Amino acid sequence: MSYSAIEKMRQEHRERFGKDVGPFVPQLIDKEARGMDLKSAALRFLEKRCTDLRHSAETEKREQEEHIYLGTSLLPNQIPYNMQMDLDRLCMKNELSRFIDSGVAEDAYTVYFSFMEMFIGRDGRSQSMVELLSEFESNASSLLMSHRDHYSHSVYVFALGLAIFETNAWYRKVFSRAYGFKDGGEGQESANAFLEYWGLAALFHDVGYPFEIPFEQVLSYFEVDKKKRGKDSVYIAYKNVKPLIQFSREDRARLKELYGRSFTDLADFLAFAITEKLGKDYGLTEESLEKKIRSKPGHPEENNYFMDHAFFSAGRLYQELAKIIGHGKLQKYHMDALSAILLHNSLFKFAVVGYKSDHLKAPLKADRHPLAWMLMLCDELQCWDRTAYGRNSRDELHPMAVDFNFAGESIRAVYYYDQGESEKIRQYKLDYDAWEQAGKDPEKEPRLKAYSDMAEPKQRFRRDIGQIVDLRHCPLTVKPSMRRANHRVKHTFLSTSNFLHIYNFAVALHARYVFQGKEKKATQEEMEREFNRLSLEYKLSNINQVRSFDTYLNAIDCFYTDRPVDFDMLTEFTDEMVQRFAPLEHERWVTDHQNMGWTAGNEYETLPLAPGVKDEKKERKDLRERMRMHKLTLNADADEETIRKHYESLPPVEQEKDSLPFNSMLKLLKKYDGVRIYRLR
């Protein structure tokens with residue numbers, strides 16, 4: 001039973017009303033239920049393995065004793081708490097599905113949002129961290145010689161880890177044994193824990209990139225003339241990292257309780273934690289490792305003139321977790337995620353294992369640090385569909401797509417390159433043949449990164465991964481191929497906005513209903529308070545409406561932006577505009593409801609209520625949320641044309657729900673600095 005609380009409510013309704021009126025849940029399609037590809041395996045993990053995720057037997061008992069519901073849907077106390085938890089998981093599955101199909105940053109945003117709301121902190125308290133990463137990266141990294149996206153990349157890494165856990169029984173056993181679960185990796189307890197532990201490591205492993213980018217910018221400025229970085233390079237270093245790694249008094253006490261000893265700061269702790277796991281295998285000492293860790297931000301000359309973003313990612317995530325979860329409340333798995341993040345980039349490769357040196361040590365075994373093993377593997381595998389920002393990166397040939405097959409507890413990957421770049425590949429093959437015939441001088445070997453790393457006989461891409469992580473129990477094969485690029489799935493339009501405004505935009509969209517006609521009186525705090533009363537499902541509905549808005553505006557020759565532009569600002573939608581985009585909004589609303597298992601009908605308005613109900617109107621609204629039935633939606637088998645005809649058949653008062661509030665939203669947006677809507681003509 002994938003969604004046990006939803007099924008329990010369905011059974012209660014069946015017994016109460018004598019017929020099956022829901023709630024229903026959309027099931028995985030046949031391909032996803034059995035497939036061994038990335039999307040099928042990741043979605044199957046979320047639906048089939050993570051049953052009863054975040055359920056609370058204590059809360060359920062209180063609901064039964066007090067005859068109340070403690071879960072939130074459109075409003076608080078409308079549904080059982082555990083049913084809300086089931087719906088949250090369904091939300092995450094839908095958002096991850098959408099992201100894997102598109103790979104765009106806006107879809108990555110909702111995966112981040114879902115995870116943070118479920119496991120870190122509600123009310124948007126932790127969003128600025130990942131939003132700033134995306135904005136800083138896209139705006140600053142174009143000045144670098146070599147740089148590619150790390151925002152969508154992290155969500156792909158997250159999905160890869162879920163797929164490997166789902167399909168590899170060996171890794172499941174390793175993880176469950178490491179964290180003391182007695183289900184051998186086959187039960188919901190270990191799966192639910194993996195989702196949280198892995199999500200922390202995967203989604204936040206690159207949030208320190210805003211520290212590395214300025215360092216690389218300075219070097220790039222002086223490397224235009226092809227000079228190699230070294231003692232003659234001009235570089236920057238970071239001082240006073242204390243605010244990033246310092247422990248509060250409560251956290252020091254908590255860590256002493258967990259580990260039996262005191263730590264001065266995060267660098268001190270991480271040196272201990274990594275040595276405890278890896279010291280015996282690699283001859284590490286706490287003293288030497290702590291010195292290396294502390295050299296990362298302030299002494300690039302001791303680290304081959306590179307800045308390690310992993311140090312800053314670990315520090316940034318620690319401070320965020322301590323602030324939101326609460327000082328003195330951290331768990332061992334939080335700290336394990338931090339050590340995995342610190343290891344994933346250069347620390348393990350160069351300071352521990354001796355990567356690309358004459359003194360290469362054995363690759364990391366998964367049982368030594370399951371999260372670090374998975375993070376390093378998935379971080380290397382995820383090299384496809386990454387926006388190239390750097391000057392050299394835009395000229396290099398990188399894979400645009402990939403097909404994974406995880407059958408047989410192995411990984412078989414076919415990386416696809418744009419067929420439009422076939423001339424580069426043809427020339428590389430000619431150059432490689434000529435190089436072989438000329439004697440294979442290592443200094444003159446032709447390269448076409450990353451294609452050559454996968455196509456050359458020695459399989460540099462596969463070999464390098466095998467030097468970092470032990471692949472004996474998870475064999476990896478890699479093959480390059482070509483096909484035509486398809487950019488339609490990206491749904492790219494003229495509208496663009498700083499990610500920091502997506503949340504504000506969604507708040508304003510919700511407030512248009514609450515404050516319609518009272519826009520001048522609505523404060524930003526009131527608008528956010530109303531938004532944060534919603535469940536994750538309804539928050540995402542507003543956010544997804546924001547993400548669909550570029551489509552609507554494109555249909556009426558408008559666009560939104562947070563930048564000053566020489567176009568006329570739109571102050572009101574005309575009737576003609578509304579007639580064009582209102583059907584699109586209705587289609588989005590219906591599709592969202594279909595994906596979340598809502599069915600068409602009005603029985604929540606006609607079925608008999610329990611005796612003694614004081615507020616019939618409220619009770620019927622609550623019943624609608626528990627039945628997940630709505631008179632204005634359509635069942636899951638309705639296609640786009642059916643939805644359009646359904647909209648046209650609605651009475652004007654219902655059609656206006658998809659149009660009238662948009663002008664109210666225009667007024668509310670002015671309360672936030674940034675996003676405005678403009679007309680192309």
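Computed from a prediction, not measured in an experiment: that's the story for all the values here. When reading the values below, keep in mind they use all heavy atoms of this one structure, side chains included, and skip hydrogens, waters and symmetry mates.
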Centroid-centroid distance, Tyr333 to Tyr179, less than 6.0 Å: no

Reported NZ-to-OG distance for the pair Lys182 and Ser190, which is rounded to 0.5 angstrom: 12.5 Å

Ionic contact status for Glu320 with Arg316, cut-off 4.0 Å: yes

Salt bridge Lys277-Asp336, side-chain N to carboxylate O under 4.0 Å: yes

Pair Tyr109 and Tyr151, ring centroids less than 6.0 Å apart: no

Verdict with supporting geometry, Val157 and Leu375, side chain to side chain contact (heavy atoms under 4.5 Å, CB included): CA-CA 8 Å; Val157 167; Leu375 183 57; 4.1 Å; yes

Carboxylate-amine/guanidinium contact Glu585 Arg588, below 4.0 Å: yes

Check: Met629 main-chain N/O paired with Arg624 side-chain donor or acceptor under 3.5 Å: no

Over all atoms of both residues, closest heavy-atom pair of Asn595 and Asn94: O-ND2, 3.0 Å

pair Phe404-Val402: side-chain heavy atoms closer than 4.5 Å: yes

Pairwise side-chain contact, Met116 with Phe204, heavy-atom cut-off 4.5 Å (strictly under): yes

Nearest atoms (heavy-atom pairs only) where Ser4 meets Asp86: N-OD2, 3.3 Å

Thr110 (side chain) donor-acceptor with Phe113 (main chain) under 3.5 angstrom: no

Ring centres under 6.0 angstrom apart (Trp198, Phe175): no

Spacing of Glu641 atom CD and Glu587 atom CD [to the nearest 0.5 Å]: 10.0 Å

Ser114 side chain vs Met92 backbone, donor-acceptor pair below 3.5 Å: no

Polar side chain donor-acceptor pair, Asn635 to Thr599, under 3.5 angstrom: no

Atom pair CG/CZ of Asp101 and Arg98 - distance to nearest 0.5 Å: 9.5 Å

Main-chain N/O of Arg54 paired with Asn192 side-chain donor or acceptor, under 3.5 Å: no

Tyr538 side chain near Glu625 side chain, heavy-atom distance below 4.5 Å: yes

Closest non-hydrogen atom pair between Ala314 and Leu338, with its separation: O-CD2, 3.4 Å

Minimum heavy-atom distance Met118-Leu53, with the two atoms named: CE-CD2, 3.7 Å

Heavy-atom donor-acceptor pair, Ser422 side chain to Gln419 backbone, under 3.5 Å: yes

Option passing side chain to side chain donor-acceptor pair (under 3.5 Å) with Asp453 (candidates Arg460, Gln459, Lys458): Arg460

Least distance between heavy atoms, Phe406 atom then Ile164 atom: CE2-CG1, 3.8 Å

Salt-bridge present (Glu12, Lys8; N to O < 4.0 Å): no

Derivation of the side chain to side chain donor-acceptor pair (under 3.5 Å) call for Asp385 and His398: CA-CA 8 Å; Asp385 191 25; His398 296 279; over 6 Å; no

Modelled atom types, side-chain donor and acceptor of Thr642 and Asp639, under 3.5 Å: yes

Student check: side-chain heavy atoms of Arg10 and Phe24 closer than 4.5 Å: yes

NZ/Lys39: more than 12 non-hydrogen atoms of other groups inside 6.0 Å: yes

Side-chain donor/acceptor of Asn405 to backbone N/O of Asp37, under 3.5 Å: no

Check: Gly103 main-chain N/O paired with Ser152 side-chain donor or acceptor under 3.5 Å: yes

Lys/Arg N to Asp/Glu carboxylate O, Glu32 vs Lys93, below 4.0 Å: no

Set of residues satisfying side chain to side chain donor-acceptor pair (under 3.5 Å) with respect to Thr167, sequence neighbours excluded: none

Side chains of Ser73 and Gln84 in contact at under 4.5 Å (non-hydrogen atoms): no

Cationic tip of Arg89 above Tyr3 ring, under 6.0 Å, 45° of axis: yes

Sub-4.5 Å side-chain heavy-atom contact between Ser176 and Asp183: yes

Check: Asp367 side chain, Ala178 main-chain N or O, donor-acceptor pair, under 3.5 Å: no

Partners meeting side chain to side chain donor-acceptor pair (under 3.5 Å) with Arg34 (sequence neighbours left out): none

His593 side-chain N/O to Val590 backbone N/O, donor-acceptor pair under 3.5 Å: no

Test: Asp470 and Lys365 ion pair at under 4.0 Å: no

Any donor-acceptor N or O pair under 3.5 Å, side chains Asn345, His205: no

Spacing of OG belonging to Ser40 relative to CD1 belonging to Ile29, to within rounding of 0.5 Å: 7.0 Å

Distance-minimising heavy-atom pair for Arg44 and Ala33: CD-O, 3.1 Å

Tyr197 (side chain) donor-acceptor with Ala337 (main chain) under 3.5 angstrom: no

Min side-chain heavy-atom separation Trp373-Cys474 under 4.5 Å: yes

NZ/Lys173: more than 12 non-hydrogen atoms of other groups inside 6.0 Å: no

Evaluation steps, side chain to side chain contact (heavy atoms under 4.5 Å, CB included), between Leu377 and Leu471: CA-CA 9 Å; Leu377 172 60; Leu471 295 172; 4.0 Å; yes

Partner of Arg172 by salt bridge (Lys or Arg N to Asp or Glu O under 4.0 Å), out of Glu186, Glu166, Glu189: Glu186

Between Trp589 and Gln594: side-chain donor-acceptor atoms closer than 3.5 Å: no

Tyr451 and its ring pair (Phe, Tyr, Trp, His ring centres under 6.0 Å) partner, picked from Tyr415, Phe461, Tyr417, Tyr416: Tyr417

Leu162 side chain near Leu195 side chain, heavy-atom distance below 4.5 Å: yes

From Ser339 atom OG to Phe348 atom CZ, the distance as rounded to the nearest 0.5 Å: 12.5 Å

Distance (rounded to the nearest 0.5 Å) between Asn544 CG and Leu509 CG: 11.0 Å

N-O pairing of Glu640 and Lys645 below 4.0 Å: no

